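Before any comments, here is the structure.
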Amino acid sequence: MTRNAETARLLYKVGAVFRILEGDTFRTRAYFNAATAIENLSDPIEDLYSKNNLEGIPGVGENIRRYLIEYIKHGKVRHFESQFKKVPAGMFPLMDIRGVGPITAYKIAKKFHLNDASSAGEKLKKILKQGRITEIEGFKERTESKIRKALEVKAGGKQRLLLAEALPVASLFLDYLKQSPLIIEAEPLGSLRRKLPTVGDIDMAICSQKPGEAMTYALEYPEIAHVITRGDKVSHVKLRSGYEADIKNSLPNQWGSLLQHYTGSKFHNIKLRTKALGKGLSLSEYGIRKGKRLIDFSTEEDFYKFLGMTYIPPELREDHGEIEMAVDSSLPILVKESDIKGDLHIHSDFDFPSSHDIGSTTLTSILKQADDYKYEYVGISDHNPKYTDLSDKEKEKILTKRRDYLLREFQSYEKKVKKRTLKLLIGLEVDIRPDGKRALSDKLLDTLDYAIVAIHSSFNLSVKDNTLRILDALDHPKAIILGHPTGRLLNQRDSIQADWDKIFDYCKSNNKIIEINASPSRLDLPDDLIMEAGKYGVKFIINTDSHNTSQMEFMKYGVWQARRGWAGRSQIINTLSYQKLQSVLNLEK
DNA sequence: GCCGTTTTCGGCCCGACTGTTTTCAGTCG
């Protein structure tokens, strides 16, 4: 568990205790809100603390901030510890079960003396087996079976899905839904629609004149393993693939309100509704209530327009200032997939002693794919030759051979298609060594059109060392792109620690380009850092890092990621024409 | 406990679904 997740969990626990001890739902909500906000931070909370930035966390006020500082400094909070002693510790793990909140967990833990967090789960299973849950007042057989079912679902649960794993699952579901004449429209919702790099479950909206019948049809989807909750308006199911899905239902005249409501994010909606309340308007998935009148919205555009705002693209709906800017009509015009004119991070199948994996498809098929996408240029950037084991002479030989091979293939492709529109650039992805040296000599670097420098080892260095090694590695005219900057692998490896302000400042001053790596398991730079870099005026390039031709379609994930970071076309250099790109990369004509 | 285009006091997004009761509490997103 990351430090942020641990901190969030602590606050959830405290909130739960206040719910039990004082019945104060608002104080509980305050702690839960703070916990959610910290969970969603992408900077580690200790970094914010050391930069004196804790004030910026929404929902964290003076009191919680003080407790957080105590927690960061000492690993615990005295006030919290004394509160925890007043409830059985076994209640907390029970709250991880769907449908079990603070009060249910407390009642179970209290009744059966679950005073130890580590054994509470096993003890609960035993109690369920013996059918003893009904000994608690107000708990009948249905509650018992609900908890039992939730435990089964939890046991078969999976971690968050990559967006690229979720979209195909969603798309099959959409195909099924759209087959029915009852269903006029179907759309993904939630984090899937906001294009978060990972999503928790697969939410679907359906639009029908006969919502009840449409829901019945949706629940007959053969991929549904079982229905967890079922309603005319909302149902929750578990798919055979192990993933959970929500299905929401709407009439056509309320379709816009429904999409808006369930696309979220939660923070975006809370801000929107709080602001609307000030004008005497109450927002819901059914529309906007003004006094006794409910106003319908069949499109989201009309919904936002009624509130005096321009349309806010789903990728921006995180309460990062988009609501205020939509009121002023000052939202940025975001980059689109059709703006992209090339991809400079593609690995070819040229076979040599490479420091990392080589690509698996020929240059010809890469060029053909690029032509299909109507690109103006592609750049091949294989990994550098092995750093050790090879002499500089041998490396030079390899790189010359590679250049000859690529040019020969390129010319033969041009002849075949009888046109000369697509341009080829020959680059290289060069390792940043732990000490900041590049894994290629300056002399060989000069033979390239450009180099992408990137970290591939020693991810756990200090903030200072990582910052220094990145700045050192960029200090050469050909080392112009910083590849997958944080090195994160979603669900697998955290981002490196570095002083990003310093790096962005350097990039802006020295015309270095930051890569937004579109590989679905990377999506690196993270969205909040894209926003941060954007404030410095740094330019980006969206690259796929393709190791075979089929991965070139990942460009759309990079574009979505850029949009989540508020990036417009003018900030992305691979929206430029080839001529302008040459000047950005300092290429001789 | 948080927070401010009715505010430093007095509200706190909004509604669905479930279970146990018949008007509501708990949980979820």
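Just so we're clear, the structure is a prediction, and the values are computed from it rather than from any experiment. In what follows, chains carry the letters A, B, and so on, assigned in the order in which the sequence lines appear, proteins first and then strands, with residues in each chain numbered from 1.
Using atom P as the reference point in both B/dC28 and B/dT23, the two lie 26 Å apart (nearest Å). Annotation: B/dT22 and B/dG29 have their P atoms spaced 28 Å apart (nearest Å). Rounded to a whole angstrom, the distance from the P atom of B/dG11 to that of B/dC17 is 30 Å. A gap of 23 Å separates the P atoms of B/dT6 and B/dC2, to the nearest Å. As rounded to the nearest Å, B/dG15 and B/dT8 have C1' atoms that lie 31 Å from one another.
In this structure, A/S235 and A/M215 have side chains that are in contact, with non-hydrogen atoms separated by less than 4.5 Å.
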Protein N or O to nucleotides 9-11 of chain B N or O, pairs below 3.5 Å:
none

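A/Y31 and A/F18 have tilted rings, their planes meeting at an angle from 30° to 60° on a 0 to 90° scale. Taking the six-membered ring where the residue is Trp, A/W560 and A/Y557 present perpendicular rings, their angle passing 60° and hence far from 30°.
The distance between atom CD of A/E62 and atom C1' of B/dC3, rounded to the nearest whole Å, is 12 Å. Whole-Å rounding puts the A/I270 CD1 to B/dC14 C1' distance at 10 Å. Note: CG (A/N269) to C1' (B/dG15) measures 12 Å, nearest angstrom. A/Q260 has its CD atom 14 Å from the C1' atom of B/dG15, to the nearest Å. Atoms NZ (A/K275) and P (B/dC12) sit 17 Å apart, rounded to a whole Å. Spacing between atom NZ of A/K149 and atom C1' of B/dC17 amounts to 14 Å, rounded to whole angstrom units. Here B/dC14 presents its P atom at 15 Å from NZ of A/K271, a figure rounded to the nearest Å. Put simply, CG on A/D328 is 14 Å from P on B/dT5, counting in whole angstrom units.
A salt bridge does not link A/K76 to A/E70: none of the charged nitrogens lies less than 4.0 Å from a carboxylate oxygen. A salt bridge links A/E300 to A/R317: at least one charged side-chain nitrogen sits closer than 4.0 Å to a carboxylate oxygen. A salt bridge is absent between A/R193 and A/E315: the closest approach of a Lys/Arg side-chain nitrogen to an acidic carboxylate oxygen does not fall below 4.0 angstrom.
Using a 4.0 Å heavy-atom distance criterion, A/D232 is classed as a sugar-phosphate-only contact. Residue contacts shown for A/N63 are limited to sugar-phosphate atoms, with no base heavy atom under 4.0 Å away. Note on A/F26: a base of the nucleic acid sits closer than 4.0 angstrom, heavy atoms only.
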Response to the item:
5' to 3', nucleotides 19-29 of chain B under a 4.0 Å protein heavy-atom cut-off (B base, S sugar-phosphate only, - none) gives SSS----SSSS
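Between the side chain of A/R240 and the main chain of A/P222, a donor-acceptor pair closer than 3.5 Å is present. Here the side chain of A/D524 pairs a donor or acceptor atom with the backbone of A/T486 at under 3.5 angstrom.
Checked against the 6.0 Å centroid criterion, the rings of A/Y12 and A/F32 qualify as a close aromatic pair.
Across all strands shown, B/dC2 forms a Watson-Crick or G-U wobble pair with B/dG11, both key distances being under 3.5 Å.
Applying the side-chain contact (heavy atoms from CB on, under 4.5 Å) criterion to A/E122, with sequence neighbours excluded, gives A/K125. With sequence neighbours excluded, the residues that form a ring pair (Phe, Tyr, Trp, His ring centres under 6.0 Å) with A/H79 are A/Y67.
Within residues 278-301 of chain A, the residues that place at least one heavy atom under 4.0 Å from DNA chain B are, in residue-number order, A/G278, A/S282, A/L283, A/S284, A/E285, A/Y286.
For the side chain to side chain contact (heavy atoms under 4.5 Å, CB included) criterion with A/W255, the lone passing option out of A/N253, A/L251, A/L258 is A/L258.
Toward the 5' end of DNA chain B, the nearer of the two residues A/K233 and A/L277, judged by each one's closest nucleotide, is A/L277.
Within the structure, salt bridge (Lys or Arg N to Asp or Glu O under 4.0 Å) contacts touching residues 95-106 of chain A (residues at least two apart or in different chains) are A/R9-A/D96, A/R98-A/E244.
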